[in-house]
Participant: 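Would you mind keeping the following structure in view while I ask a few things?
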There are 2 protein chains.
Amino acid sequence: MLPAERHAIILKEVAQQPAISIRALTEKLGASRETIRKDIEQLAGENKLNKVRGGATQIRTEEPAVEMRAATNPKGKARIAQHVLDKIPNGASVIIDNGSTTLAFARLLREFRTDLSVCTNDLTIAELLGPVTRELTILGGRLDVKENATFGSAAIENLSRFRAEFAVIGAGGLSGKALFTDFSRDAADLRHLMLEHAEHGFVLADSSKFSVVGQVVMRRFPASTTAVLDTEPPAEVMAALLEKAVAFEIA
Amino acid sequence: MLPAERHAIILKEVAQQPAISIRALTEKLGASRETIRKDIEQLAGENKLNKVRGGATQIRTEEPAVEMRAATNPKGKARIAQHVLDKIPNGASVIIDNGSTTLAFARLLREFRTDLSVCTNDLTIAELLGPVTRELTILGGRLDVKENATFGSAAIENLSRFRAEFAVIGAGGLSGKALFTDFSRDAADLRHLMLEHAEHGFVLADSSKFSVVGQVVMRRFPASTTAVLDTEPPAEVMAALLEKAVAFEIA
DNA sequence: TGCAACTTGGCAAAATTTGGCAATATTTTT
DNA sequence: AAAAATATTGCCAAATTTTGCCAAGTTGCA
């Protein structure tokens with residue numbers, strides 16, 4: 001059995017189920033633990049799968065739907081939202097990213113801040129805040145139906161004409177290895193640009209994002225950016241944040 | 001059985017039912033109580049579920065009620081919409097304006113045309129057509145809450161980068177004196193640009209617009225534009241249309 | 001024969017199981 | 001209804017198993 005054959009079978013298995021154990025693979029492939037282990041090591045290096053103790057797990061290629069994410073850790077998201085809200089003065093201009101955490105932030109805004117100028121690519125947030133903000137600008141672009149938000153080059157171009165005092169963005173995942181990651185290149189690019197186009201940026205990541213790794217690694221944030229978490233992150237995430245000098249606060 | 005597998009199954013169970021007992025999970029997963037207990041502890045730490053005595057419960061959140069826009073569908077608008085729809089081939093690109101008549105057109109599209117590329121400034125139409133069109137582009141800009149659509153210089157700039165085979169726009173009023181009129185400069189400008197950026201333009205005006213005169217007079221349409229009415233207009237409107245050489249059809 | 005890939009063995013680390021005991025819930029008895 | 005008896009569960013610590021990782025040995029192939 002050639003290595004390429006094994007790799008193909010391993011990837012097929014991992015595509016069919018969320019995880020596969022080394023033990024199961026040794027039987028299926030007739031190879032020793034160590035060989036399988038090295039196969040997994042290599043495939044993990046190529047980002048084809050995640051290496052975990054005892055086997056491998058599939059790399060999540062898309063994040064769960066917004067409704068699902070909104071149901072995850074609502075308390076943590078609300079606490080983060082309140083923390084950020086306290087830092088935004090009345091009358092400010094704010095760029096708000098698409099996502100479940102930023103949606104929680106928008107819900108708070110609707111109740112307590114009716115004098116803001118808001119710019120967003122999230123249609124759910126836009127319809128939520130439209131009636132209560134002083135002005136609401138929507139970023140045009142290709143509509144992603146699942147996210148109910150716009151992305152793509154048109155959105156980026158649209159945003160390039162816009163500046164704000166604050167940017168509030170989300171993240172797909174936060175891990176020790178890759179730090180902030182996202183599930184699509186489009187989203188990552190747009191988010192980065194949002195940070196660059198604001199005087200102060202906030203990156204919201206609740207604890208359900210810990211240990212989640214998306215495919216796209218976000219670029220280094222501008223210096224004016226602060227990450228806001230709801231709980232103390234795992235040790236390796238904490239170490240990575242400190243090493244990369246990412247400013248962060250715990251709500 | 002890998003931890004990741006167990007976690008996935010536990011979360012699936014908890015998503016399906018409001019609560020799940022450790023006892024049931026030990027049987028289903030073939031792991032000991034203590035392992036399950038630690039799994040639940042960890043997942044609860046990530047706020048994926050609630051840890052309770054004897055098992056775990058799902059995190060439930062109140063979902064904001066989705067307000068449904070009351071949709072009346074007058075016969076005239078539907079007839080106009082059908083008339084225009086017949087002229088648009090499958091796979092075409094279409095710019096759709098904001099408004100109630102164009103909304104009727106969009107409803108038809110949703111049922112009969114799932115292979116179009118659509119560009120619109122109307123969020124209601126966007127959410128209606130998003131799931132069924134090949135691609136949907138939203139024009140960015142200032143959100144008009146009453147219209148649930150975007151307008152302003154940003155929308156115009158956005159549109160300047162966009163071209164389509166067809167444009168389907170509405171009108172605020174149609175009268176003998178002023179011909180096509182609108183209620184805001186923003187809307188009129190955007191509509192005119194939509195016509196200019198399409199090979200064929202359709203201006204939809206049902207009979208309820210006949211005796212209405214808006215504040216803003218629309219500029220002369222491009223030659224490629226056809227007005228579509230649902231009934232024969234009053235004599236003076238008819239005369240004006242003929243005099244100004246506006247192409248029109250009655251659905 | 002030489003080289004690369006694979007296997008085997010061993011040890012440390014991590015995960016899991018097991019058993020015990022206290023706290024809490026449930027049932028039975030008074 | 002209160003109290004006692006019984007069962008269940010949480011939590012802790014030790015024992016057991018599994019796994020990772022390293023190094024040495026073996027196999028297969030050109």
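Naming: A, B, ... by sequence-line order, numbering from 1 per chain.
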Participant: Just wondering, are more than 12 heavy atoms of other shown residues or ligands nearer than 6.0 Å to CZ in R134(A)?
Facilitator: yes
Participant: Roughly how many Å is it from CG in L25(B) to P in dT9(D), rounded to a whole number?
Facilitator: 12 Å
Participant: Taking side-chain contact (heavy atoms from CB on, under 4.5 Å) as the criterion, tell me which of V132(B), T133(B), L109(B) meets it with T114(B).
Facilitator: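 When V132(B), T133(B), L109(B) are each tested with T114(B), the side-chain contact (heavy atoms from CB on, under 4.5 Å) holds only for V132(B).
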Participant: What's the shortest heavy-atom distance between V14(B) and Q58(B), and which atoms?
Facilitator: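 Closest heavy-atom pair between V14(B) and Q58(B): O-NE2, 2.7 Å.
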Participant: On DNA chain C, reading 5' to 3', which nucleotide is the first and which the last to sit with an atom under 4.0 Å from a heavy atom of chain B, could you check?
Facilitator: dT16(C) to dA25(C)
Participant: Check whether the ring centres of F105(A) and F202(A) lie less than 6.0 Å apart, and answer yes or no.
Facilitator: no
Participant: Considering only heavy atoms and no angle criterion, is a donor-acceptor pair shorter than 3.5 Å present between the side chain of E41(A) and the base of dC21(D)?
Facilitator: no
Participant: Around atom CD of Q17(A), are there more than 12 heavy atoms of other residues, nucleotides or ligands at under 6.0 Å?
Facilitator: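 Counting neighbours around CD of Q17(A), more than 12 heavy atoms of other residues, nucleotides or ligands fall under 6.0 Å, so yes.
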Participant: With respect to E13(B), which candidate in K28(B), R6(B), K48(B) satisfies the salt bridge (Lys or Arg N to Asp or Glu O under 4.0 Å) definition?
Facilitator: K28(B)
Participant: Quick check on contacts: within residues 16-24 of chain A, what sits under 4.0 Å from DNA chain C by heavy-atom distance?
Facilitator: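 Per residue number, the list is empty: none.
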Participant: Is any side-chain heavy atom of L129(B) closer than 4.5 Å to a side-chain heavy atom of I96(B)?
Facilitator: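 SC-SC contact between L129(B) and I96(B) confirmed.
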Participant: Round to a whole Å and report the spacing from CD of E27(A) to P of dT18(D).
Facilitator: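 So the CD-P distance, E27(A) to dT18(D), works out to 13 Å.
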Participant: Take D97(A) and T102(A) through the test side-chain hydrogen bond (donor to acceptor under 3.5 Å, both in side chains) and record every step on the way to the result.
Facilitator: CA-CA 6 Å; D97(A) 177 35; T102(A) 49; 5.2 Å; no
Participant: In whole angstrom, give the distance that lies between atom CD1 of I36(A) and atom P of dT19(D).
Facilitator: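 After rounding, the gap between these two atoms is 13 Å.
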Participant: How close or far is atom P of dG10(D) from atom CG of D39(B), stated in whole angstroms?
Facilitator: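 My rounded result for the distance is 13 Å.
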Participant: Atom CD1 of I40(A) to atom P of dG20(D): distance rounded to whole Å?
Facilitator: 8 Å
Participant: Quick one: on DNA chain C, does R53(B) or L2(B) contact a more 5' nucleotide (nearest heavy atom)?
Facilitator: L2(B)
Participant: Would you indicate, yes or no, if dC11(D) has its OP1 or OP2 atom less than 4.0 angstrom from a side-chain nitrogen or oxygen of R37(B)?
Facilitator: yes
Participant: Strictly by modelled atom types, are N47(B) and D206(A) linked by a side-chain donor-acceptor pair under 3.5 Å?
Facilitator: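 The answer is no; no qualifying pair exists.
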Participant: Rounded to whole angstroms, how far apart are CD on E34(A) and P on dG20(D)?
Facilitator: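 Distance, rounded to whole Å: 9 Å.
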Participant: For R33(B) and dC12(D), what is the distance between atoms CZ and C1' respectively, to the nearest whole Å?
Facilitator: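 Whole-Å distance recorded here is 13 Å.
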